[in-house]
Participant: 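Just dropping this structure here.
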Amino acid sequence: MQHRNVLVIGGAGFVGRYIVNELVGRGCRVLVPSRRRDRARHLIMLPTCDVVEASVHDDATLDRLVAGQDAVINVVGILHGAEAQFEQAHVALTRRVLAACARARVRRYLHMSALGADANGPSMYQRSKGRAEQAVRESTLAWTIFQPSVIFGAEDSFLNMFARLAAIAPVLPIGGAEARFQPVWVEDVARAFVNSLDNEATVGRAYELCGPKVYTLRELVQFAAEAAGHRRPVIALPDGIARLQARLMQLAPGEPLLSPDNLDSMKRDNIASRQPYVPAPELGITATPMEPEASLYLAGLHPRTRFGGFRARAGR
Ligand SMILES: NC(=O)c1ccc[n+]([C@@H]2O[C@H](COP(=O)([O-])OP(=O)(O)OC[C@H]3O[C@@H](n4cnc5c(N)ncnc54)[C@H](OP(=O)(O)O)[C@@H]3O)[C@@H](O)[C@H]2O)c1
């Protein structure tokens, strides 16, 4: 690899860990900052990965992290929160990272956005992702932006969440049941990032990342429940009730299953702009179908799943 030293901000999360694994597998030395180093312990065993506890919202810290890197990958993101939290995690942090790269003369920058990112979009999530993209597009760095639909993989918090819910609930009442998604496999996402790193053809471009098939949310919930061994009726809630349910969920401790902002995001389909979706050839990936891979981990047959289950039970 031409870019051998890579800083992966957000590298301890679900998607980040796959990117880090892929980088390490290709001989890169990877630095991962995390607010809580213990949450990144799955990375500590990797031979050429260093995990440091750090706040990336501090310019001096960012300068230290970025110094000596050949490339920076920013995968930070939140799905729930107030306007100010979206602004901080997506927009302000992106600007800080871009500025730190410019100061350190790190040219290559890969940015995790999301399908539907739009400064005028219906949800805080999409608007903040859209504003972050604008900052990236205006920068003078050699940037590439990735816009995935919902991402599935052994540790995902989407299909796994519905599978866990199906284990305890006799019926599954959901809002946004007819919203459409095109789930993409986390390993395809990671490979797209790492394949693009040294490929100049990807500079200055934004890539949608999707799987081969479009599903409604109702179909995804049904699939997750059945794959986990719990056939359950899915009940589509009318918008008003779904909003009430989402607001009540926000009052419960921990991450809400579905927030009002998530419902706002679902006002727009989360699918590729051109169907059938074919990944851009320069990304070097094929779009892996969801069912065969996800069935394994939802049924508890995937080796990684057991650890995900332990973590979920421990509330981590
Ligand atoms: N998962 C999906 O289906 C999906 C779909 C489309 C786009 N995306 C995007 O992909 C990215 C990764 O998603 P994920 O599912 O891997 O999320 P995740 O598991 O929650 O990981 C998010 C990472 O972001 C970091 N982070 C979160 N809030 C932060 C903050 N305020 N300040 C600094 N760091 C913060 C966390 O760092 P710590 O280690 O410090 O906790 C964590 O490593 C996000 O940008 C998300 O929007 C995800």
Side-chain angles (χ1 to χ4, degrees), residues 1-34 40 42-52 54 56 59 61-77 90 93-114 132-133 135-148 151 184-209 279-286:
M1 297 279 289
Q2 177 197 335
H3 297 94
R4 292 193 68 81
N5 297 301
V6 185
L7 173 68
V8 185
I9 306 173
F14 161 51
V15 183
R17 70 166 69 184
Y18 282 85
I19 295 174
V20 171
N21 261 291
E22 190 71 28
L23 287 165
V24 167
R26 306 224 199 155
C28 295
R29 175 153 280 285
V30 186
L31 179 59
V32 177
S34 174
H42 49 279
L43 298 178
I44 293 166
M45 306 300 284
L46 294 173
T48 56
C49 176
D50 294 314
V51 179
V52 289
V56 289
D59 285 338
T61 307
L62 262 185
D63 283 343
R64 277 196 298 277
L65 292 169
V66 167
Q69 303 295 338
D70 299 315
V72 171
I73 300 179
N74 180 6
V75 206
V76 168
H90 294 162
L93 180 62
T94 297
R95 290 201 181 113
R96 267 185 203 291
V97 173
L98 293 169
C101 288
R103 283 195 296 275
R105 298 188 198 288
V106 173
R107 182 180 163 270
R108 190 71 173 113
Y109 174 79
L110 306 188
H111 183 78
M112 176 62 98
S113 184
E133 272 198 19
V136 175
R137 287 169 196 271
E138 285 163 12
S139 88
T140 55
L141 305 183
W143 54 265
T144 305
I145 292 172
F146 296 90
Q147 302 162 321
I151 301 169
V184 54
W185 193 29
V186 66
E187 297 203 11
D188 288 336
V189 174
R191 273 195 288 271
F193 267 77
V194 179
N195 288 346
S196 74
L197 201 56
D198 284 352
N199 187 344
E200 279 293 315
T202 65
V203 171
R205 297 203 50 192
Y207 292 99
E208 296 178 344
L209 294 176
E282 63 269 27
L283 295 182
I285 57 167
T286 50

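Reckoned from all heavy atoms, side chains included, excluding hydrogens, waters and symmetry mates.
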Participant: Which atom pair, heavy atoms only, marks the closest approach of Cys49 to Val24?
Facilitator: CB-CG2, 4.2 Å

Participant: Keeping the roles fixed (side chain from Asn74, backbone from His111), state whether a donor-acceptor pair exists under 3.5 Å.
Facilitator: no

Participant: Against Asn195, only a single residue in Arg26, Glu22, Glu282 fulfils side chain to side chain donor-acceptor pair (under 3.5 Å); can you say which?
Facilitator: Arg26

Participant: Closest approach of His90 and Ala132, non-hydrogen atoms and distance?
Facilitator: O-CB, 3.4 Å

Participant: Are Trp143 and Leu98 close enough, and set up right, to give a side-chain contact (heavy atoms from CB on, under 4.5 Å), and what steps lead you there?
Facilitator: CA-CA 10 Å; Trp143 54 265; Leu98 293 169; 6.0 Å; no

Participant: Is Pro148 close to Met112 at the side-chain level, that is, under 4.5 Å between some pair of heavy atoms?
Facilitator: yes

Participant: Run the numbers on Val189 and Ile151 for side-chain contact (heavy atoms from CB on, under 4.5 Å), then give the verdict.
Facilitator: CA-CA 8 Å; Val189 174; Ile151 301 169; 4.2 Å; yes

Participant: For the ring pair (Phe, Tyr, Trp, His ring centres under 6.0 Å) test, which of Tyr18, Tyr207, Phe146 pairs with Phe193?
Facilitator: Phe146

Participant: Kindly indicate, with the supporting measurements, whether the criterion side-chain contact (heavy atoms from CB on, under 4.5 Å) is fulfilled by Val8 and Leu23.
Facilitator: CA-CA 10 Å; Val8 185; Leu23 287 165; 3.6 Å; yes

Participant: To the nearest 0.5 angstrom, please state how far the CH2 atom of Trp185 sits from the CG atom of Leu209.
Facilitator: 14.5 Å

Participant: Please list all pairs passing the salt bridge (charged side-chain N to carboxylate O under 4.0 Å, His left out) test where one or both residues lie in residues 102-114, with sequence neighbours left out.
Facilitator: Asp63-Arg103, Arg107-Glu200

Participant: Which value, rounded to the nearest 0.5 Å, describes the distance between Met1 atom CE and Cys28 atom SG?
Facilitator: 4.0 Å

Participant: Can you see whether Glu133 engages Ser113 through a side-chain donor-acceptor pair at a distance of less than 3.5 angstrom?
Facilitator: yes

Participant: What pairs with Asp70 under salt bridge (charged side-chain N to carboxylate O under 4.0 Å, His left out), at least two apart in sequence or on another chain?
Facilitator: none

Participant: Which pair of non-hydrogen atoms, one from Gly11 and one from Leu43, has the smallest distance, and what is that distance?
Facilitator: O-CD1, 3.5 Å

Participant: Test your reading of the model: is there a side-chain donor-acceptor pair from Thr144 to the backbone of Thr202, 3.5 Å cut-off?
Facilitator: yes

Participant: Counting N and O atoms only, with roles assigned by atom type, does the side chain of Asp50 sit under 3.5 Å from a partner on the main chain of Leu31, one being a donor and the other an acceptor?
Facilitator: no

Participant: Are Val76 and Thr94 close enough that some pair of their side-chain heavy atoms sits under 4.5 Å apart?
Facilitator: no

Participant: When you compare the side chain of Ile73 with that of Leu7, does any pair of heavy atoms fall below 4.5 Å?
Facilitator: no

Participant: Can you name the closest pair of heavy atoms from Val72 and Cys101 and give their distance?
Facilitator: CG2-SG, 3.6 Å

Participant: Is it true that a side-chain atom of Gln69 and a backbone atom of Val6 form a donor plus acceptor pair closer than 3.5 Å?
Facilitator: yes

Participant: Indicate the atoms forming the closest heavy-atom contact of Ile285 with Ala192, along with that distance.
Facilitator: CG2-N, 3.8 Å

Participant: Could you tell me which residues satisfy side-chain contact (heavy atoms from CB on, under 4.5 Å) with Ala67, sequence neighbours excluded, listed by chain and number?
Facilitator: none

Participant: If I take atom OG1 from residue Thr61 and atom CZ from residue Arg96, how far apart are they, to the nearest 0.5 angstrom?
Facilitator: 10.0 Å

Participant: Quick one: does any side-chain atom of Asp198 pair with a main-chain N or O of His3 as donor and acceptor, under 3.5 Å?
Facilitator: yes

Participant: Supply the atom-to-atom distance Ile9 CD1 to Leu62 CG, rounded to the nearest 0.5 angstrom.
Facilitator: 5.5 Å

Participant: For the pair Ser34 (side chain) and Ala12 (backbone), establish whether a donor and an acceptor sit closer than 3.5 Å, ignoring hydrogens and angles.
Facilitator: no

Participant: Could you go through Val56 and Leu93, starting from their C-alpha distance and side-chain angles, then the distance that decides it, and tell me whether this counts as side-chain contact (heavy atoms from CB on, under 4.5 Å)?
Facilitator: CA-CA 8 Å; Val56 289; Leu93 180 62; 3.8 Å; yes

Participant: Side chains of Leu110 and Ser196: does their closest heavy-atom pair fall under 4.5 Å?
Facilitator: yes

Participant: Shortest non-hydrogen contact from Pro47 to Arg29?
Facilitator: O-NH2, 4.2 Å

